[in-house]
Amino acid sequence: MTVRIGLIGAGGMGRAHLARITNELSGGEVVAVADINHDAAVSAAEPYGAKVYDTSDELVGDPEVDAVVIATFGKVHAPDVIKCIEAGKYVLCEKPLATTAEDCIKIMEAEQKAGKKLVTVGFMRRFDAAYNEMKAVLEAGENGQALLVHNRHRNPSVPESYTSRMAIDDTAIHEIDTMRWLLGEEIVKVRVERPKSTTHRFEHLIDPVVVVMYTESGVRIDDEVNVNLQWAYSIECELVLETAAVRLGDQEKIHIRDAHGNRNAMCQSHIDRFQGAFNREFQEWINAVARDEHTGSTSWDGYAATSVVDAAVASLEDETSPLVDVTLIDKPDFYA
Ligand code: ISE
(Lines give C-alpha, C1' and ligand atoms only; values in the text may rest on other atoms or scores of the structure.)
Protein backbone atom coordinates (compact mmCIF):
# COMPACT_ATOMS: atom_id res chain seq x y z
CA MET A 1 0.00 0.00 0.00
CA THR A 2 1.24 3.50 -0.80
CA VAL A 3 0.48 5.95 2.01
CA ARG A 4 -1.03 9.06 0.42
CA ILE A 5 0.33 12.02 2.37
CA GLY A 6 -0.94 15.59 2.61
CA LEU A 7 1.61 18.26 3.53
CA ILE A 8 0.52 21.38 5.42
CA GLY A 9 3.20 24.07 5.18
CA ALA A 10 5.27 24.60 2.04
CA GLY A 11 8.23 26.39 3.64
CA GLY A 12 11.81 25.10 3.80
CA MET A 13 11.11 22.23 6.20
CA GLY A 14 7.95 21.14 4.36
CA ARG A 15 9.78 21.12 1.04
CA ALA A 16 12.66 19.13 2.50
CA HIS A 17 10.16 16.51 3.73
CA LEU A 18 8.39 16.49 0.37
CA ALA A 19 11.68 15.83 -1.40
CA ARG A 20 12.74 13.10 1.03
CA ILE A 21 9.39 11.27 0.82
CA THR A 22 9.56 11.37 -2.99
CA ASN A 23 13.23 10.80 -3.66
CA GLU A 24 14.71 8.94 -0.73
CA LEU A 25 12.03 6.91 0.99
CA SER A 26 9.60 4.21 -0.05
CA GLY A 27 5.92 3.53 0.54
CA GLY A 28 4.71 7.14 0.67
CA GLU A 29 3.60 9.73 -1.86
CA VAL A 30 2.78 13.40 -1.24
CA VAL A 31 -0.55 13.86 -3.03
CA ALA A 32 -1.57 17.29 -1.72
CA VAL A 33 0.06 20.45 -0.37
CA ALA A 34 -1.70 23.24 1.55
CA ASP A 35 -0.30 26.62 2.48
CA ILE A 36 -1.95 29.96 3.16
CA ASN A 37 0.61 31.31 0.71
CA HIS A 38 -0.92 29.98 -2.51
CA ASP A 39 2.17 30.57 -4.63
CA ALA A 40 4.38 28.71 -2.17
CA ALA A 41 1.97 25.74 -2.24
CA VAL A 42 1.91 25.74 -6.04
CA SER A 43 5.67 25.90 -6.45
CA ALA A 44 6.17 23.10 -3.90
CA ALA A 45 3.41 20.86 -5.29
CA GLU A 46 3.81 21.29 -9.04
CA PRO A 47 7.08 19.40 -9.60
CA TYR A 48 5.53 16.39 -7.83
CA GLY A 49 2.09 16.55 -9.46
CA ALA A 50 0.44 17.04 -6.05
CA LYS A 51 -2.89 18.86 -5.57
CA VAL A 52 -2.85 22.37 -4.08
CA TYR A 53 -5.14 23.56 -1.30
CA ASP A 54 -5.32 27.02 0.22
CA THR A 55 -6.63 25.72 3.54
CA SER A 56 -5.69 22.85 5.82
CA ASP A 57 -9.43 22.05 6.20
CA GLU A 58 -9.66 21.07 2.56
CA LEU A 59 -6.48 19.02 2.71
CA VAL A 60 -7.42 17.10 5.87
CA GLY A 61 -10.93 16.52 4.48
CA ASP A 62 -9.66 15.09 1.18
CA PRO A 63 -10.58 11.36 1.16
CA GLU A 64 -7.49 10.72 -0.98
CA VAL A 65 -5.22 11.91 1.84
CA ASP A 66 -4.46 9.01 4.24
CA ALA A 67 -2.07 10.81 6.59
CA VAL A 68 -0.78 14.32 7.17
CA VAL A 69 2.59 16.01 7.75
CA ILE A 70 2.46 19.43 9.43
CA ALA A 71 5.43 21.71 8.83
CA THR A 72 4.00 25.14 9.62
CA PHE A 73 4.94 27.47 12.51
CA GLY A 74 4.41 26.05 16.00
CA LYS A 75 1.80 28.66 16.89
CA VAL A 76 -0.66 27.31 14.31
CA HIS A 77 -0.11 23.58 14.87
CA ALA A 78 -2.82 22.80 17.45
CA PRO A 79 -6.01 23.34 15.38
CA ASP A 80 -4.58 21.38 12.44
CA VAL A 81 -3.44 18.50 14.66
CA ILE A 82 -6.92 18.34 16.21
CA LYS A 83 -8.53 18.37 12.73
CA CYS A 84 -6.41 15.36 11.74
CA ILE A 85 -7.35 13.49 14.93
CA GLU A 86 -11.04 14.19 14.36
CA ALA A 87 -10.70 12.93 10.78
CA GLY A 88 -9.04 9.76 12.15
CA LYS A 89 -5.81 10.45 10.22
CA TYR A 90 -2.26 9.84 11.43
CA VAL A 91 -0.31 13.07 11.68
CA LEU A 92 3.40 13.76 11.94
CA CYS A 93 3.65 17.28 13.35
CA GLU A 94 6.94 19.15 13.37
CA LYS A 95 8.04 20.35 16.80
CA PRO A 96 6.70 21.96 18.90
CA LEU A 97 3.43 20.06 19.08
CA ALA A 98 1.90 23.36 20.24
CA THR A 99 3.27 26.48 21.86
CA THR A 100 1.15 26.29 25.02
CA ALA A 101 0.63 23.45 27.48
CA GLU A 102 -3.15 24.13 27.29
CA ASP A 103 -3.17 23.44 23.56
CA CYS A 104 -1.15 20.25 24.08
CA ILE A 105 -3.71 19.12 26.67
CA LYS A 106 -6.53 19.79 24.16
CA ILE A 107 -4.68 17.64 21.62
CA MET A 108 -4.29 14.81 24.17
CA GLU A 109 -7.99 15.06 25.04
CA ALA A 110 -8.98 14.84 21.37
CA GLU A 111 -6.70 11.84 20.88
CA GLN A 112 -8.05 10.03 23.93
CA LYS A 113 -11.58 10.69 22.66
CA ALA A 114 -10.58 9.17 19.31
CA GLY A 115 -9.32 6.18 21.34
CA LYS A 116 -6.22 5.79 19.21
CA LYS A 117 -2.73 7.29 19.18
CA LEU A 118 -2.56 9.22 15.93
CA VAL A 119 -0.03 11.96 16.67
CA THR A 120 3.74 11.75 16.24
CA VAL A 121 5.84 14.81 17.10
CA GLY A 122 8.79 15.49 14.81
CA PHE A 123 11.55 15.03 17.34
CA MET A 124 13.95 13.57 14.80
CA ARG A 125 16.95 13.20 17.10
CA ARG A 126 15.29 10.08 18.54
CA PHE A 127 16.20 8.51 15.18
CA ASP A 128 19.80 9.73 15.02
CA ALA A 129 22.25 6.82 14.94
CA ALA A 130 24.72 8.31 17.44
CA TYR A 131 22.07 9.25 20.04
CA ASN A 132 20.72 5.70 19.74
CA GLU A 133 24.19 4.25 20.35
CA MET A 134 24.54 6.48 23.40
CA LYS A 135 21.17 5.31 24.73
CA ALA A 136 22.18 1.68 24.15
CA VAL A 137 25.35 2.18 26.25
CA LEU A 138 23.31 3.70 29.07
CA GLU A 139 20.69 0.95 28.95
CA ALA A 140 23.32 -1.83 28.85
CA GLY A 141 24.00 -0.70 32.42
CA GLU A 142 27.68 -1.72 32.48
CA ASN A 143 28.90 1.76 33.39
CA GLY A 144 26.41 2.58 36.08
CA GLN A 145 23.83 5.32 36.20
CA ALA A 146 23.66 8.64 34.36
CA LEU A 147 24.85 11.55 36.51
CA LEU A 148 25.28 14.48 34.13
CA VAL A 149 24.71 15.38 30.48
CA HIS A 150 26.51 18.24 28.70
CA ASN A 151 24.97 19.48 25.45
CA ARG A 152 26.02 22.07 22.90
CA HIS A 153 23.47 23.24 20.37
CA ARG A 154 25.16 25.65 17.99
CA ASN A 155 23.83 27.22 14.80
CA PRO A 156 25.84 29.24 12.27
CA SER A 157 23.39 32.16 12.40
CA VAL A 158 19.71 32.99 12.84
CA PRO A 159 17.51 35.53 11.03
CA GLU A 160 16.46 38.83 12.62
CA SER A 161 12.99 37.34 13.21
CA TYR A 162 14.49 34.78 15.67
CA THR A 163 13.66 35.86 19.23
CA SER A 164 15.23 35.03 22.60
CA ARG A 165 12.20 32.86 23.38
CA MET A 166 13.00 30.81 20.27
CA ALA A 167 16.35 29.86 21.79
CA ILE A 168 14.16 27.76 24.08
CA ASP A 169 11.02 26.79 22.16
CA ASP A 170 12.62 26.36 18.75
CA THR A 171 16.19 25.33 19.52
CA ALA A 172 16.67 23.92 23.06
CA ILE A 173 13.39 22.02 22.70
CA HIS A 174 15.41 19.39 20.84
CA GLU A 175 17.62 18.72 23.86
CA ILE A 176 14.58 18.90 26.14
CA ASP A 177 12.95 16.04 24.24
CA THR A 178 16.14 14.12 23.57
CA MET A 179 17.15 14.18 27.24
CA ARG A 180 13.70 12.92 28.37
CA TRP A 181 13.96 10.13 25.78
CA LEU A 182 17.61 9.29 26.51
CA LEU A 183 17.26 9.20 30.29
CA GLY A 184 13.71 7.83 30.38
CA GLU A 185 12.52 10.34 32.97
CA GLU A 186 10.86 13.72 33.18
CA ILE A 187 12.64 17.04 33.63
CA VAL A 188 11.37 18.65 36.82
CA LYS A 189 13.37 21.85 37.25
CA VAL A 190 14.99 24.29 34.84
CA ARG A 191 17.05 27.46 34.93
CA VAL A 192 18.27 29.60 32.02
CA GLU A 193 21.53 31.49 32.46
CA ARG A 194 22.66 34.39 30.29
CA PRO A 195 26.42 34.53 29.85
CA LYS A 196 28.19 37.34 28.00
CA SER A 197 26.55 37.96 24.61
CA THR A 198 28.18 37.47 21.24
CA THR A 199 28.73 40.58 19.14
CA HIS A 200 27.43 38.60 16.13
CA ARG A 201 23.84 38.61 17.36
CA PHE A 202 21.01 40.96 16.44
CA GLU A 203 20.71 43.57 19.21
CA HIS A 204 17.37 42.26 20.54
CA LEU A 205 18.67 38.73 21.11
CA ILE A 206 20.04 37.11 24.26
CA ASP A 207 22.70 34.79 22.82
CA PRO A 208 24.20 32.49 23.98
CA VAL A 209 22.10 31.08 26.80
CA VAL A 210 22.74 28.03 28.98
CA VAL A 211 19.75 25.92 29.93
CA VAL A 212 20.29 23.90 33.11
CA MET A 213 17.79 21.12 33.83
CA TYR A 214 17.31 18.49 36.52
CA THR A 215 15.45 15.22 36.06
CA GLU A 216 13.27 13.42 38.61
CA SER A 217 16.21 11.31 39.83
CA GLY A 218 18.54 14.34 39.96
CA VAL A 219 20.55 14.01 36.73
CA ARG A 220 21.90 17.47 35.89
CA ILE A 221 21.73 18.48 32.23
CA ASP A 222 23.26 21.58 30.72
CA ASP A 223 22.69 22.88 27.22
CA GLU A 224 24.68 25.68 25.61
CA VAL A 225 22.41 27.28 23.03
CA ASN A 226 24.63 29.44 20.86
CA VAL A 227 23.06 30.39 17.57
CA ASN A 228 25.40 32.89 15.90
CA LEU A 229 28.51 30.79 15.67
CA GLN A 230 29.38 31.94 12.13
CA TRP A 231 31.32 28.80 11.23
CA ALA A 232 29.00 25.75 11.36
CA TYR A 233 25.95 23.89 12.60
CA SER A 234 27.37 21.90 15.46
CA ILE A 235 25.70 19.51 17.90
CA GLU A 236 27.54 17.82 20.76
CA CYS A 237 26.46 15.75 23.70
CA GLU A 238 28.38 14.05 26.49
CA LEU A 239 26.63 11.63 28.81
CA VAL A 240 28.53 11.16 32.06
CA LEU A 241 27.95 7.74 33.62
CA GLU A 242 29.44 6.54 36.90
CA THR A 243 32.37 4.80 35.17
CA ALA A 244 32.31 6.15 31.60
CA ALA A 245 31.73 9.28 29.55
CA VAL A 246 29.94 8.75 26.23
CA ARG A 247 30.49 11.48 23.71
CA LEU A 248 28.56 12.26 20.55
CA GLY A 249 30.79 14.16 18.12
CA ASP A 250 29.59 17.29 16.47
CA GLN A 251 29.41 16.22 12.84
CA GLU A 252 27.95 13.20 11.10
CA LYS A 253 30.54 13.45 8.35
CA ILE A 254 33.55 11.46 7.22
CA HIS A 255 36.94 12.34 8.59
CA ILE A 256 39.80 13.31 6.25
CA ARG A 257 43.46 13.27 7.18
CA ASP A 258 45.85 14.75 4.64
CA ALA A 259 48.51 17.44 4.19
CA HIS A 260 45.93 20.08 5.22
CA GLY A 261 45.20 18.49 8.54
CA ASN A 262 42.89 16.16 10.37
CA ARG A 263 39.36 17.34 9.69
CA ASN A 264 35.84 16.66 8.56
CA ALA A 265 33.43 18.77 6.54
CA MET A 266 31.17 21.02 8.62
CA CYS A 267 27.40 20.76 8.46
CA GLN A 268 25.63 24.05 7.87
CA SER A 269 22.09 23.26 8.99
CA HIS A 270 19.91 20.77 10.85
CA ILE A 271 18.61 19.46 7.53
CA ASP A 272 22.19 18.54 6.68
CA ARG A 273 23.28 17.26 10.14
CA PHE A 274 20.14 15.25 10.78
CA GLN A 275 19.48 14.04 7.23
CA GLY A 276 19.80 10.39 8.29
CA ALA A 277 17.61 10.89 11.37
CA PHE A 278 14.88 12.67 9.38
CA ASN A 279 14.89 9.88 6.81
CA ARG A 280 14.64 7.13 9.44
CA GLU A 281 11.92 9.05 11.30
CA PHE A 282 9.80 9.49 8.17
CA GLN A 283 10.41 5.96 6.85
CA GLU A 284 9.36 4.42 10.17
CA TRP A 285 6.30 6.67 10.29
CA ILE A 286 5.22 5.74 6.73
CA ASN A 287 5.74 2.04 7.48
CA ALA A 288 3.74 2.32 10.72
CA VAL A 289 0.88 4.24 9.07
CA ALA A 290 0.69 1.51 6.41
CA ARG A 291 0.28 -1.03 9.26
CA ASP A 292 -2.27 1.25 10.97
CA GLU A 293 0.08 1.70 13.95
CA HIS A 294 1.49 4.65 15.88
CA THR A 295 5.24 5.22 16.01
CA GLY A 296 7.73 7.70 17.53
CA SER A 297 7.06 10.34 20.14
CA THR A 298 3.52 10.86 21.42
CA SER A 299 1.36 13.87 22.23
CA TRP A 300 2.46 13.36 25.85
CA ASP A 301 6.07 13.88 24.76
CA GLY A 302 4.98 17.05 22.95
CA TYR A 303 3.14 18.22 26.06
CA ALA A 304 6.02 17.46 28.43
CA ALA A 305 8.50 19.30 26.19
CA THR A 306 6.24 22.36 25.96
CA SER A 307 5.83 22.35 29.76
CA VAL A 308 9.62 22.41 30.22
CA VAL A 309 9.78 25.23 27.65
CA ASP A 310 7.22 27.24 29.67
CA ALA A 311 9.30 26.91 32.85
CA ALA A 312 12.52 27.73 30.98
CA VAL A 313 11.00 30.84 29.40
CA ALA A 314 9.87 31.99 32.86
CA SER A 315 13.47 31.66 34.04
CA LEU A 316 14.86 33.38 30.92
CA GLU A 317 12.52 36.33 31.38
CA ASP A 318 13.75 36.88 34.95
CA GLU A 319 17.25 38.36 34.99
CA THR A 320 18.04 36.50 38.23
CA SER A 321 17.74 33.16 36.32
CA PRO A 322 15.68 31.39 38.99
CA LEU A 323 15.38 27.61 39.10
CA VAL A 324 11.76 27.06 38.05
CA ASP A 325 9.65 23.95 38.74
CA VAL A 326 8.12 22.24 35.72
CA THR A 327 4.40 21.66 36.20
CA LEU A 328 2.95 18.53 34.61
CA ILE A 329 -0.55 17.05 34.82
CA ASP A 330 -0.76 13.37 35.80
CA LYS A 331 0.18 11.23 32.83
CA PRO A 332 -2.99 9.67 31.36
CA ASP A 333 -2.87 5.83 31.24
CA PHE A 334 -3.48 6.18 27.51
CA TYR A 335 0.16 7.34 27.17
CA ALA A 336 1.71 4.92 29.67
C1 ISE B 1 15.32 24.91 13.95
O2 ISE B 1 13.94 25.14 13.94
C3 ISE B 1 15.60 23.49 14.27
O4 ISE B 1 14.74 22.69 14.52
C5 ISE B 1 17.03 23.16 14.37
O6 ISE B 1 17.24 21.81 14.67
C7 ISE B 1 17.69 24.03 15.41
O8 ISE B 1 19.07 23.78 15.43
C9 ISE B 1 17.46 25.50 15.12
O10 ISE B 1 18.01 26.29 16.14
C11 ISE B 1 15.97 25.79 15.02
O12 ISE B 1 15.79 27.14 14.70
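The shown structure was predicted, so the numbers you read here are calculated from the model rather than taken from an experiment. Counting starts at 1 for both ligands and their atoms, in listed order.
- The atoms of ligand 1 that sit less than 4.0 Å from any heavy atom of His174 are 3 (C), 4 (O), 5 (C), 6 (O).
- With hydrogens and angles ignored, the 3.5 Å screen pairs a side-chain donor or acceptor of Ser315 with a backbone N or O of Pro322.
- Listed by number with element, the atoms of ligand 1 under 4.0 Å from a non-hydrogen atom of Lys95 are 1 (C), 2 (O), 3 (C), 4 (O).
- Ligand-side atoms of ligand 1 in range of Asp170: 1 (C), 2 (O), 4 (O), 11 (C), 12 (O), range being under 4.0 angstrom from any heavy atom.
- For the pair His153 and ligand 1, the shortest N or O to N or O distance falls below 3.5 Å.
- Ionic pairing of Asp223 and Arg152 is not present here: no N-O contact between side-chain nitrogen and carboxylate oxygen is shorter than 4.0 angstrom.
- Taking both residues in full, the closest heavy atoms of Leu118 and Glu111 are given as N-OE2, 2.8 Å, listed atom of the first, atom of the second, then distance.
- Atoms of ligand 1 found under 4.0 Å from any heavy atom of Tyr233, numbered from 1 in the order shown, are 5 (C), 6 (O), 7 (C), 8 (O).
- Considering only non-hydrogen protein atoms, atom 9 (C) of ligand 1 sits nearest to Asn155 OD1, 3.2 Å.
- Contact annotation: the side chain of Lys106 approaches that of Ile82 to within less than 4.5 Å [non-hydrogen atoms, C-beta and beyond].
- Given atom 5 (C) of ligand 1, the protein heavy atom at minimum distance is His270 CG, 3.5 Å.
- With Asp35 contributing its side chain and Ala10 its backbone, the two residues share a donor-acceptor pair below 3.5 Å.
- When non-hydrogen atoms are compared, ligand 1 lies under 4.0 Å from neither the backbone nor the side chain of Phe274.
- Contact between Tyr48 and Leu18 at its shortest, heavy atoms only, is CD1-CD2, 3.1 Å.
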